[in-house]
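To start, the structure itself, in structure tokens.
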Amino acid sequence: ATMRGSKNIQAKLVLLGDMGTGKTSLVLRFVKGQFYDFQESTIGAAFFTQILSINEATVKFDIWDTAGQERYHSLAPMYYRGAAAAIVVYDITSMDSFERARKWVEELQRQGNPNLVMVLVANKVDLEANRRVETENGELYAHENGLLYIETSAKTAQNVNELFYEIAKRLAKAR
Ligand code: GDP
Ligand code: MG
């Protein structure tokens, strides 16, 4: 196989969303392939790197996870400054978390980076029986705001690799 024409991309990726929606769990599922049931929300703070190879490119993600500052519904602008991609997470069992996710999206949009790859993630789909936010609500909002929409479970791993793969594809296309 030839590497001709393939790109090397380094991209800052940030996660936003309410506390408890599963941001850290999604990152740990992607980076370590594991799920930690009794993880404390405030653990972490964290910075991870992960390399993902797709057809068009090799993408090195610099992943910024919060240390729980989202508790106060605000993050320092330096957290998302320079980000190439943002994952905004809500928990399908919490309407509050969906409303908060929309606030995070608005905050990102105020940063005014038209190239930012944004994904709205509806997490915890393994808890379908307790769903409070319908798929079409998330989809419609994402569509209206130019975001990708993906439903995931960090617990079962459903769609987690796909989430990062889709981001990598879009980053590769943009460069
Ligand atoms: P964060 O505060 O957004 O980083 O959320 P965490 O990753 O710390 O997760 C908060 C809680 O939700 C933890 O108890 C996780 O084990 C749990 N959790 C995270 N993702 C999922 C999921 O997809 N399904 C279920 N059932 N629980 C999840
Ligand atoms: Mg966390």
Side-chain angles (χ1 to χ4, degrees), residues 7-32 39-52 54 57-92 94 96-124 133 138-139 141-152 154 159-175:
K7 299 180 247 191
N8 279 304
I9 294 170
Q10 184 162 1
K12 176 176 173 179
L13 169 79
V14 295
L15 287 106
L16 296 99
D18 251 6
M19 177 158 279
T21 53
K23 298 179 297 299
T24 302
S25 298
L26 287 165
V27 174
L28 293 175
R29 170 59 81 187
F30 175 55
V31 173
K32 300 193 187 298
Q39 194 190 308
E40 289 191 30
S41 291
T42 50
I43 287 185
F47 178 75
F48 301 86
T49 62
Q50 179 78 347
I51 293 173
L52 189 59
I54 60 173
T58 298
V59 180
K60 177 169 177 269
F61 285 115
D62 290 336
I63 304 173
W64 294 48
D65 186 21
T66 70
Q69 309 95 315
E70 70 273 31
R71 182 192 303 273
Y72 310 105
H73 298 317
S74 73
L75 290 169
M78 71 148 287
Y79 178 72
Y80 40 71
R81 188 172 299 148
I87 297 176
V88 180
V89 185
Y90 66 92
D91 168 353
I92 65 154
S94 158
D96 265 11
S97 77
F98 178 54
E99 281 159 14
R100 283 296 317 163
R102 297 190 290 191
K103 300 279 181 221
W104 291 115
V105 170
E106 287 165 21
E107 184 163 339
L108 284 169
Q109 286 169 336
R110 278 197 295 275
Q111 303 311 304
N113 172 5
N115 298 319
L116 182 67
V117 174
M118 274 199 265
V119 189
L120 183 65
V121 168
N123 190 40
K124 306 198 188 183
V133 186
E139 251 173 8
Y141 179 76
H143 182 75
E144 286 173 347
N145 288 276
L147 281 71
L148 272 170
Y149 174 79
I150 301 186
E151 300 202 328
T152 61
N159 270 346
V160 175
N161 286 339
E162 288 79 356
L163 163 64
F164 290 89
Y165 179 85
E166 285 300 325
I167 294 170
K169 263 192 359 198
R170 276 170 176 73
L171 290 170
K173 204 178 284 178
R175 299 200 192 177

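Positions are given from 1 along the sequence. Source: prediction; values computed, not measured. We use all heavy atoms of the structure for the numbers below, so side chains are in, but hydrogens, waters and symmetry mates are not.
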Please step through side-chain contact (heavy atoms from CB on, under 4.5 Å) for the pair Asp62 and Lys60, ending with a clear verdict.
CA-CA 7 Å; Asp62 290 336; Lys60 177 169 177 269; 3.4 Å; yes
Say you draw a straight line from [atom1] of [X] to [atom2] of [Y]; how long is it, rounded to the nearest 0.5 Å?
{"X": "Ile167", "Y": "Phe30", "atom1": "CD1", "atom2": "CZ", "result": "8.5 Å"}
{"X": "Lys7", "Y": "Lys173", "atom1": "NZ", "atom2": "NZ", "result": "10.5 Å"}
{"X": "Glu106", "Y": "Arg110", "atom1": "CD", "atom2": "CZ", "result": "6.5 Å"}
{"X": "Gln10", "Y": "Ile51", "atom1": "CD", "atom2": "CD1", "result": "9.0 Å"}
{"X": "Tyr90", "Y": "Leu16", "atom1": "OH", "atom2": "CG", "result": "15.5 Å"}
{"X": "Asn145", "Y": "His143", "atom1": "CG", "atom2": "NE2", "result": "10.0 Å"}

If I compare all heavy atoms of [X] with all of [Y], which pair ends up nearest, and what's the gap?
{"X": "Val89", "Y": "Ile87", "value": "CG2-CG2, 3.7 Å"}
{"X": "Arg100", "Y": "Asp18", "value": "CG-OD2, 3.3 Å"}
{"X": "Leu116", "Y": "Ala83", "value": "CD1-O, 3.3 Å"}
{"X": "Ser94", "Y": "Val133", "value": "O-CG2, 3.8 Å"}
{"X": "Val59", "Y": "Ala168", "value": "CG2-CB, 3.8 Å"}
{"X": "Ile54", "Y": "Ala172", "value": "CD1-CB, 4.1 Å"}

Salt-bridged, Arg170 to Glu166, with N to O below 4.0 Å?
yes
For Leu108 and Met118: C-alpha separation, side-chain torsions, deciding distance, then whether side-chain contact (heavy atoms from CB on, under 4.5 Å) applies.
CA-CA 9 Å; Leu108 284 169; Met118 274 199 265; 3.7 Å; yes
Sort out for me which residue in Val14, Thr49, Leu15 forms a side-chain contact (heavy atoms from CB on, under 4.5 Å) with Ile63.
Leu15
Among Leu163, Leu120, Val119, Val121, whose side-chain contact (heavy atoms from CB on, under 4.5 Å) with Leu148 holds?
Val119
Check the orientation of Phe164 and Phe61. Use parallel for under 30°, tilted for 30 to 60°, and perpendicular for over 60°.
perpendicular
Under the 3.5 angstrom rule, does the side chain of Lys23 hit a backbone N or O of Thr66 as a donor-acceptor pair?
no
4.5 Å side-chain heavy-atom contact, Phe98 and Tyr141
yes
Within a 6.0 Å radius of atom NZ on Lys103, are there more than 12 heavy atoms belonging to other residues, nucleotides or ligands?
no
Under 3.5 Å side-chain donor-acceptor pair for Asn159 and Glu151:
no
Going by atom types only, do Asn123 and Thr21 share a side-chain donor-acceptor pair under 3.5 Å?
no
